[in-house]
Structure formats: structure tokens, C-alpha cells
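Here is how names work: the chains are called A, B, and so on, in the same order as the sequence lines, proteins then strands, and each is numbered from 1.
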Amino acid sequence: MASDKATPAAEAAERPRARTPRGFADRRAGELAAERRIVEAVARTYESYGFEALETGAFEYADALGKFLPDADRPNEGVFALRDDDEEWMALRYDLTAPLARFVAQNWETLPKPFRRYAFGKVWRNEKPGPGRYREFVQCDADTVGSGRPEADAEIIAMAVAGYAAAGLPREAYQLKINNRKLLNGLLTAAGVASEGQKLAVLRAVDKLDRLGLQGVKLLLGEGRLDESGAFTRGAQLDHAAVDSVLAFVSAGAGGREATLSRLANVIGGSAEGEAGLAELSRIGAALASFGVGEDQALFDPSVVRGLEYYTGPVFEAELLAETVDEAGAAVRFGSIGGGGRYDDLVARFTGERTPATGFSFGVSRLVAALAATGRADGLAARGPVVVIAFDEARMADYFAVAAELRAAGLSAEVFLGQAGMRAQMRYADRRLSPAAVILGEDEIAAGQVTVKDLDLGRELAAGVTDNKAWREERPGQVTAPRAELVATVRAIVGRAR
RNA sequence: GCCGCCUUAGCUCAGUUGGUUAGAGCGCCAGAUUGUGGCUCUGGAGGUCCUCCGUUCGAUCCGGAGAGGCGGUACCA
């Protein structure tokens with residue numbers, strides 16, 4: 001502390017501004033509880049399918065994440081990176097799949113194969129944040145490494161569906177769409193598109209189908225598209241015949257899985273790769289049926305492509321269907337609440353050996369937001385503890401004894417530790433959404449009693465009360481019992497709270 | 001990254017044609033009510049008017065640059 005007084009303005013200028021970093025969010029008890037419920041439910045589901053838990057560190061060496069980092073101050077965009085003591089670039093993981101590939105490569109010899117694991121945790125992306133789009137969020141992944149069978153893909157899909165159910169998402173609220181990269185690849189090859197860059201541009205164009213519609217995608221497949229802001233996006237430069245066959249392909253969805261498959265067979269142009277993709281989807285479909293996954297939950301949709309380049313075959317995406325609006329009444333699109341696919345080349349980056357792998361990533365943070373928006377986050381506000389009113393400085397020991405007694409009985413309880421009158425303490429308990437307050441004043445102590453107030457009952461009755469004096473004198477939901485019956489009395493009241 | 005709009009109290013927003021004490025509603029704190037949540041009434045606290053530079057006797061207001069937010073677009077291994 002400086003002894004001479006700085007001017008108030010100078011002092012203020014030195015103070016840091018209290019603010020959350022861009023794209024990061026503070027999350028409070030209610031949201032955390034909802035998230036924990038979801039993660040636990042999903043983890044239990046994955047374990048019931050025989051997947052084991054795995055945790056890896058938040059940082060990975062940047063080369064393990066597949067980033068090429070030049071000797072510049074700033075490594076590639078998209079990740080948060082820093083240089084370790086030994087000059088090695090380390091980066092916060094941007095998903096849970098790349099760390100898995102690293103782990104599998106490192107421990108391949110000793111792992112039971114196929115290796116099936118689930119993992120949950122935070123991932124970080126250094127990207128432009130937006131509504132429902134953060135730079136730090138939680139994912140829950142399940143992957144099977146070492147099995148190329150389509151049944152492994154089907155199992156992952158069935159598990160994802162079971163996970164959403166366990167998380168409390170109603171089945172009509174979302175759809176899981178399945179496609180195979182091999183179909184479009186084969187179609188493009190048959191149409192004479194050889195360049196990888198062009199194929200990638202086609203994938204990007206198809207990815208925008210939900211936003212731009214068939215017309216927009218048509219432009220992006222050909223010359224390019226001029227958007228409302230005046231910016232021009234160069235297209236994939238396909239010729240008319242190729243554009244038409246891609247559009248026919250992405251429009252071949254809808255209907256049951258079998259129907260979609262037979263429709264796709266007519267539009268993929270008869271390439272070997274396309275046929276292989278079709279055969280895989282057919283086996284996935286058969287397996288899904290035996291897993292009991294309904295046609296309305298998981299369907300084949302040729303318009304699903306997924307952005308990640310490393311997918312080599314089947315790709316999946318879970319999309320929230322429910323229409324939701326924000327506080328201002330504007331429509332909110334949550335986009336995908338999970339996705340995944342087969343990535344047979346990822347482990348090979350480390351080992352040089354092609355290792356089949358498939359997995360699904362569950363967007364936990366998105367799902368919490370989605371459940372809240374669909375009004376299914378039953379009370380995102382967390383319930384508070386039983387509050388023991390601190391009446392008298394000299395009696396603090398009694399209050400702590402009451403709280404300890406309640407805790408020993410398995411109830412959450414706390415003694416009010418601020419400096420405030422009883423009115424403010426009641427208001428505190430009200431705001432914490434506490435189910436009950438324990439009042440132990442001079443009168444109660446003298447009489448060997450304790451007063452317990454049912455705050456939920458008061459909350460219900462408060463709406464109809466117009467006179468404060470009457471409200472106070474009625475003391476709704478308040479009971480005074482012998483001190484020895486404290487726990488039973490509180491329990492009777494708390495038991496009624498949700 | 002690029003384009004457009006925006007930034008005044010904790011929140012939602014007025015306002016100042018450049019001038020001395022910048023406002024409202026809600027929220028917050030206290031009292032009315034020596035020991036009781038809501039309503040009502042009374043009082044109170046809370047602002048570098050996003051930041052820096054420039055123009056000016058004087059800038060929250062005008063000009064420039066930057067930051068942050070929102071929307072669109074691109075990218076997303």
C-alpha cells in the first residue's frame with residue numbers, strides 16, 4: 001500500500017476491469033448440476049456397453065494434435081498454444097479424438113484390441129465465439145479403435161442414441177443422421193473430379209445445405225455465390241453434369257433407412273468406392289435394427305458431411321429438431337449436439353500402420369443449453385441448504401451444533417455468516433432457494449424448542465398476500481417443536497421440497 | 001479474416017444542438033416492521049458516458065485509431 005494518496009482517477013485507472021475473456025463463460029450451480037447429471041448418465045450408458053474410462057491431459061504437444069507450428073510467435077490459429085521450457089509447442093486439445101489417437105499409438109502393444117474407451121472433459125478452440133458457441137466447452141466421447149466392422153459404427157450410433165435418452169432428451173427432439181464419405185467420393189470420381197481441393201470444396205458446399213438451401217449449394221458447387229453482405233465465395237467449379245449429380249445425391253434422403261439406400265444406389269454413379277460405401281451403410285442399417293434403434297431416431301441422410309477432414313467412411317451427426325427462441329423471441333439454432341464418424345488414418349499418423357477407428361462426440365455444453373431452451377431443464381436454479389438463522393453473537397455455538405446435527409442426518413445446512421438482521425437473513429435463504437430456515441432465538445432456547453420455517457410453502461402463499469403485517473403474523477409453514485425433534489421436523493419439511 | 005450495425009448505473013434504455021450537480025424503470029442496500037421472505041411507502045448507494053489520440057477556452061457528444069458486443073460471410077485441422 002502506498003502511503004501517499006494517489007488521485008482517485010489514477011487509482012481507478014490501475015484497477016483491472018472485471019470481465020470474462022471472450023468466448024469463455026462463468027457457469028453457476030444450476031447449470032453445473034445439469035451438466036453433471038448429463039455426464040454421469042452418459043458415462044453410465046457407455047460403461048454399460050463395455051467402454052472403459054480414460055482421461056488424458058488438457059495439453060498435448062502440438063504435433064500430436066496434427067498442427068504444424070512454424071517457428072513464429074503465434075502458432076496456427078484454432079488452438080491455444082504456448083511454448084514449453086524446452087521450446088516445444090504445446091496446445092490445449094481441441095477435441096478428445098486426437099489425444100485418443102496419441103494414447104492408442106503410445107500404448108498399442110499392451111491394449112486389449114479392439115480398444116473401446118469413453119472420455120469426457122473440456123476442450124478449447126481458439127475461434128470466433130457466437131451464441132451457443134464458446135471457446136471452452138465439454139464433450140463426452142466414445143470410440144472404438146481396432147475394429148473396421150460396420151457393426152462397430154452401428155454400436156457407436158446405438159450408444160449415442162441411448163446416451164441422449166439417458167440424458168433426458170426426448171426422442172422426438174433430435175435426429176441422428178448417418179452418411180458415408182465414400183458415397184460422395186465415389187460419385188465425384190465417377191464424374192471425373194480428381195482434384196482433392198475440388199472434393200473438399202464440394203464437401204464444404206454440401207455442408208451448407210441446411211443454411212443456404214439447394215439453390216445456394218448449387219451456386220457453390222459451380223461458379224460461386226455472392227451473399228447479402230456483398231462477399232463472393234468461389235465455388236467448386238464443377239461442370240453442370242457433376243453439379244446435377246451431386247444435387248441429386250444430397251436430395252436422395254428422407255424416408256426409412258432401406259428406402260434411402262435403394263434410392264442412393266441409383267444416384268451414386270456405380271463407382272467401386274460408392275458401392276463399398278453403400279454396402280457399409282447397409283450393414284450398419286441391419287445392425288441398427290438389431291440394436292433396436294428406430295427409423296425415426298437414426299436415419300441415412302446423404303447431405304451430412306461433417307467438417308473434419310480426417311473422416312474416411314461413415315459420418316454421423318445429431319441435430320436438435322426442436323424450435324427454440326431466446327428471451328427476445330428470436331429463433332435460436334443450436335446446430336449439432338454431437339457427431340462423429342470413422343477415421344481409419346488417425347492412428348497411422350503416429351505408427352505408420354492403418355488402424356480402423358470410429359467414434360462419437362457428445363456435445364455436453366450444447367445439450368445443457370438445448371435442454372434449458374426447450375424448457376426441460378427442471379429448475380436450472382440450484383436448491384440452497386437449510387439456513388440456520390444467526391440471531392445472537394453469543395449463541396453461535398448453538399447454531400453450529402444445529403447445522404452439524406442436520407448434516408449428520410444427511411441434509412445440507414449452513415449457519416448464516418454475514419452481518420445482517422433477521423429480515424435480511426430470511427431474504428438470503430429465499431434467494432438461495434433454501435427449502436427451510438431454522439430459527440433458534442432466545443425464546444426457543446429458553447423453552448428448549450426450535451422453530452423451523454417451510455420456505456417453499458411461504459413462496460407459494462406469498463403471491464396471495466397483500467398485507468405485510470398479516471403475512472408476518474400468520475407465519476405460514478412455521479412449526480415450533482422440541483429441540484430434540486429438530487432433525488425429524490426439518491426432514492418432514494425438506495422431504496416435501498423437490 | 002472480411003462487411004455492416006452497436007457500446008451511457010448491476011440489467012434494459014433515455015439524454016446532452018459541445019458548457020457547471022448525466023437521468024428513468026427494474027435490481028441492490030436500509031428503514032417503516034426491538035425476531036420473519038412477498039406487496040406498499042420512504043430514504044440511500046452505485047457512472048473513467050468502452051479506451052487512447054486529435055480538434056476546441058471546454059469533449060460523454062465532433063474527427064481518427066483501437067478494443068469489445070451483435071449480425072452476415074469465410075475458416076474450423
**Asked** Hey, does Arg459(A) reach any base, or is it just sugar-phosphate, or nothing, if we go heavy atoms under 4.0 Å?
**Response** base
**Item:** Single hit among Thr355(A), Asp143(A), Thr97(A) for side-chain hydrogen bond (donor to acceptor under 3.5 Å, both in side chains) with Tyr343(A)
**Value:** Asp143(A)
**Distance, rounded to the nearest Å, where Asp456(A) contributes CG and G37(B) contributes P** = 16 Å
**Asked** Is the closest basic N to carboxylate O distance between Arg383(A) and Asp456(A) below 4.0 Å?
**Response** yes
**Request:** State whether the side chain of Asn179(A) and the backbone N or O of Pro302(A) hold a donor-acceptor pair below 3.5 Å, judged by distance alone.
**Result:** yes
**Message:** Any base atoms under 4.0 Å from Gln425(A), or only sugar-phosphate, or nothing? Heavy atoms, all strands.
**Reply:** nothing
**Message:** Pairs counted only when both distances fall under 3.5 Å, Watson-Crick or G-U: show me the 5' to 3' dot-bracket for RNA chain B, [ ] for pseudoknotted crossings and | for other-strand partners.
**Reply:** (((((((..((((.....[...)))).(((((.......))))).....(((((..]....))))))))))))....
**Request:** Using a strict 4.0 Å threshold on nitrogen-to-oxygen distance, state whether Glu136(A) and Lys122(A) make a salt bridge.
**Result:** yes
**Asked** When all nucleic acid strands are considered with a 4.0 Å heavy-atom cut-off, which category describes Asp443(A): base, sugar-phosphate, or nothing?
**Response** base
**Message:** By the 4.0 Å heavy-atom rule, please label Ile389(A) as base, sugar-phosphate, or nothing.
**Reply:** nothing
**Prompt:** How about Phe391(A) and Tyr399(A): are their ring centroids closer than 6.0 Å?
**Reply:** no
**Prompt:** Could Arg342(A) and Asp344(A) be called an ion pair, given the rule that one side-chain N must be under 4.0 Å from one carboxylate O?
**Reply:** yes
**Message:** Base, sugar-phosphate or nothing for Glu444(A)? Non-hydrogen atoms, less than 4.0 Å.
**Reply:** base
**Request:** Name the nucleic acid region contacted by Arg427(A), choosing base, sugar-phosphate or nothing; use a 4.0 angstrom heavy-atom cut-off, strictly under.
**Result:** sugar-phosphate
**Request:** Please state how far atom CG in Asp454(A) lies from atom C1' in U36(B), giving the value in whole angstrom units.
**Result:** 14 Å
**Request:** Identify whether any heavy atom of Tyr428(A) sits under 4.0 Å from a base atom; if not, whether one sits that close to sugar-phosphate; answer base, sugar-phosphate or nothing.
**Result:** nothing
